[in-house]
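Only a predicted model underlies this, so the values are computations on that prediction, with no experimental measurement involved.
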Amino acid sequence: MKKIAVLFAIAALSTAPVFAAQSGGFIDPNAPDVRHQNVQGGFSGPDASITTVAKAKELKDDSWITLRGHIEQRTGDEDYLFRDESGSIKVEIDDKYWNGQTVTPADRVELQGELDKGFNSSELDVKRVKKMQ
């Protein structure tokens, strides 16, 4: 009986970190409902060259880009307005890519992702969010 109790205790202790959740995401000071998202990991891949919003809008569809600037506001469930010194662009950030970080409009961020171009619009499908120091 003691062996079963010991095995159960070991199993419970080794699986506890799996159930721990990080919180993070964008905090819009103007929004009445501030929520936290659960995050389990993020994207890790090769660095792309840093570009500006203005240059990104001239690139071809599915280009992999990196932008640096500020997330100004939430415009939808996973949609945000990003701005740098050259302009603004809509970005989509899945909850899992916040990676436990909390971001406000005052924070400078680096976003990496794939450019999604439509007929008259451009959007960045973000795969990595990094809060700059």
**Full working for side chain to side chain contact (heavy atoms under 4.5 Å, CB included) between R68 and D84** = CA-CA 7 Å; R68 287 188 179 162; D84 69 6; over 6 Å; no
**Asked** Given I50 and E110, is the side chain to side chain contact (heavy atoms under 4.5 Å, CB included) satisfied, shown in steps?
**Response** CA-CA 9 Å; I50 297 169; E110 180 178 281; 4.1 Å; yes
**Request:** Any chance you could lay out the side chain to side chain contact (heavy atoms under 4.5 Å, CB included) test for L111 and V129, step after step, and finish with the verdict?
**Result:** CA-CA 5 Å; L111 304 179; V129 177; 3.9 Å; yes
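For the pair E72 (side chain) and R83 (backbone), a donor-acceptor distance under 3.5 Å is absent. A donor-acceptor pair under 3.5 Å is absent between the side-chain atoms of S86 and the main chain of T52, judged by distance alone. Under the 3.5 Å distance criterion, the side-chain polar atoms of K60 are left unmatched by any main-chain donor or acceptor of L115. Proximity of a side-chain donor or acceptor of K117 to a complementary backbone N or O of K57 within less than 3.5 Å is detected.
Residues E92 and D79 are in side-chain contact: their nearest non-hydrogen atoms beyond the backbone lie under 4.5 Å apart. Residues K55 and I65 form no side-chain contact, since every pair of their non-hydrogen atoms from C-beta on lies 4.5 Å or further apart. Looking at heavy atoms from C-beta onward, D116 lies out of side-chain contact with L124 at the 4.5 angstrom threshold.
Look at K127 and D125 and you find a salt bridge, because one of the NZ, NE, NH1 or NH2 atoms lies within 4.0 Å of a carboxylate O, short of that distance.
Separating the CG atom in L81 from the CD atom in Q73 is a distance of 5.5 Å, to the nearest 0.5 Å. K131 contributes atom NZ, which lies 10.0 Å from atom CH2 of W98 (distance to the nearest 0.5 angstrom). Here D94 contributes atom CG and D77 contributes atom CG; the two are 9.5 Å apart, rounded to the nearest 0.5 Å. In this structure, NZ in K130 is found 12.0 Å from CG in N99, a value given to the nearest 0.5 Å.
A pairwise comparison of heavy atoms in I71 and Y80 identifies CG2-CB, 3.7 Å as the closest pair. Across L67 and T51, no two heavy atoms sit closer than the pair CD2-O, 3.5 Å. Considering every non-hydrogen atom in both I89 and S122, the closest pair reads CG1-O, 3.5 Å.
Applying the side-chain contact (heavy atoms from CB on, under 4.5 Å) criterion to T104, with sequence neighbours excluded, gives I27, A106, D107.
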